[in-house]
Amino acid sequence: MKKYTKNNRFNLFDLLRLIAATLVIYSHSYPLLGITPPDIVTRILPFTNGGTLGVWIFFIISGYLNTKSIKNNNAFAFLINRSLRIFPGLVVALLFSIFVIGPLCTNLPMSDYFINHKTWQYIHQNLFLSPNYILPGVFDGNRFKSVVNGSIWTLPTEALLYLTLPLIVKIFPDYQHTSARLIW
């Protein structure tokens, strides 16, 4: 077992994130298939479901870690770090969607797919955090027609929260040493 020191990152946050991600994927898989989930979380906690619980777990962990990060950095460094967390992965996901998923799944001829303005609008809008879920001819027959990556809806909200957190910490400096006080 790895021994904990201040400089290593041995904690249970990664395990909690894995559990939360699994809950979200599990809960979303059933509506995507058009069937009612046998949601075990709802049986235990009738006021919620697995997907919502997973999102709550992410919010709590993110609130704690981001508050800790802003405490240890200035606002500019914090925002640069958050941008580096969002945009490299977003660029890879968008390029993968356009150049791998699109050509494999479009019902359009390849040349029509690549010259269609919606193909390039997809990358442009999403890079500016204005969610666009549609690539031309891709997933037209799915339950949620043409949606390539539905999870990008979270990015504008995430970016807005990253922009407001330094302001919140500035307005409430006595509360910055613990995210729990920001919540309560």
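- Within the structure, every pair that satisfies the side-chain hydrogen bond (donor to acceptor under 3.5 Å, both in side chains) test and touches residues 102-118, not counting sequence neighbours, is listed here: N107-D140.
- Under the side chain to side chain donor-acceptor pair (under 3.5 Å) criterion, T48 pairs with no residue, sequence neighbours left out.
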Validation: residues 77-93 side-chain donor-acceptor distances under 3.5 Å, sequence neighbours left out:
unit_1 : atom_1 : unit_2 : atom_2 : d
N81    : ND2    : A77    : O      : 3.3
R82    : NH1    : N66    : OD1    : 3.2
S83    : OG     : L79    : O      : 3.0

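- Contacts of I35 classified as side chain to side chain contact (heavy atoms under 4.5 Å, CB included), with partners at least two apart in sequence or in another chain: Y30, L33.
- Atom CZ of F13 has more than 12 heavy atoms from other residues, nucleotides or ligands within 6.0 Å.
- Under the rule for a side chain to side chain donor-acceptor pair (under 3.5 Å), the partners of N49 that lie at least two apart in sequence or sit in another chain are T52.
- Nearest heavy-atom pair across I70 and P166 is CD1-CG, 3.7 Å.
- Annotation: side chain of T67 is in contact with side chain of L165 (closest heavy-atom distance under 4.5 Å).
- Hydrophobic clustering of Ile, Leu, Val, Met, Phe, Trp and Tyr side chains at less than 4.5 Å, counting indirect connections, unites I57 with I44.
- Note: the hydrophobic cluster containing W120 also contains I101 (ILVMFWY, side chain heavy atoms under 4.5 Å, direct or indirect links).
- A chain of hydrophobic side-chain contacts below 4.5 Å, direct or via other Ile, Leu, Val, Met, Phe, Trp or Tyr residues, connects M110 to V148.
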Test side-chain contact (heavy atoms from CB on, under 4.5 Å) on V147 and F139; report intermediate values, then the result. CA-CA 7 Å; V147 173; F139 301 144; over 6 Å; no
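- L18 belongs to no hydrophobic cluster with other residues, because no ILVMFWY side-chain heavy atom falls under 4.5 Å from its own, directly or through intermediates.
- With hydrogens and angles disregarded, a donor-acceptor distance shorter than 3.5 Å links the side chain of S29 to the backbone of Y26.
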Please tabulate, one pair per line, all N/O donor-acceptor pairs under 3.5 Å involving side-chain atoms of residues 126-135, not counting sequence neighbours.
unit_1 : atom_1 : unit_2 : atom_2 : d
N126   : OD1    : N132   : N      : 2.9
N126   : ND2    : Y122   : O      : 2.8
N126   : ND2    : N132   : O      : 2.9
N132   : OD1    : I134   : N      : 3.0
N132   : ND2    : Q125   : OE1    : 2.6

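- Pairs passing the side-chain hydrogen bond (donor to acceptor under 3.5 Å, both in side chains) check and including a residue from residues 147-163, sequence neighbours excluded, read N149-S151, E158-Y162.
- F58 is not connected to L15 by any chain of hydrophobic side-chain contacts under 4.5 Å among Ile, Leu, Val, Met, Phe, Trp and Tyr, and they are in different clusters.
- The shortest side-chain heavy-atom distance between N73 and S69 falls under the 4.5 Å cut-off.
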Before giving the answer on side-chain contact (heavy atoms from CB on, under 4.5 Å), spell out for F99 and F114 the whole-Å C-alpha distance, their side-chain angles and the decisive distance to 0.1 Å. CA-CA 9 Å; F99 293 108; F114 280 111; 3.7 Å; yes
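- Hydrophobic clustering of Ile, Leu, Val, Met, Phe, Trp and Tyr side chains at less than 4.5 Å, counting indirect connections, keeps L16 apart from V24.
- Using a 4.5 Å heavy-atom threshold, the side chains of V100 and L95 count as separate.
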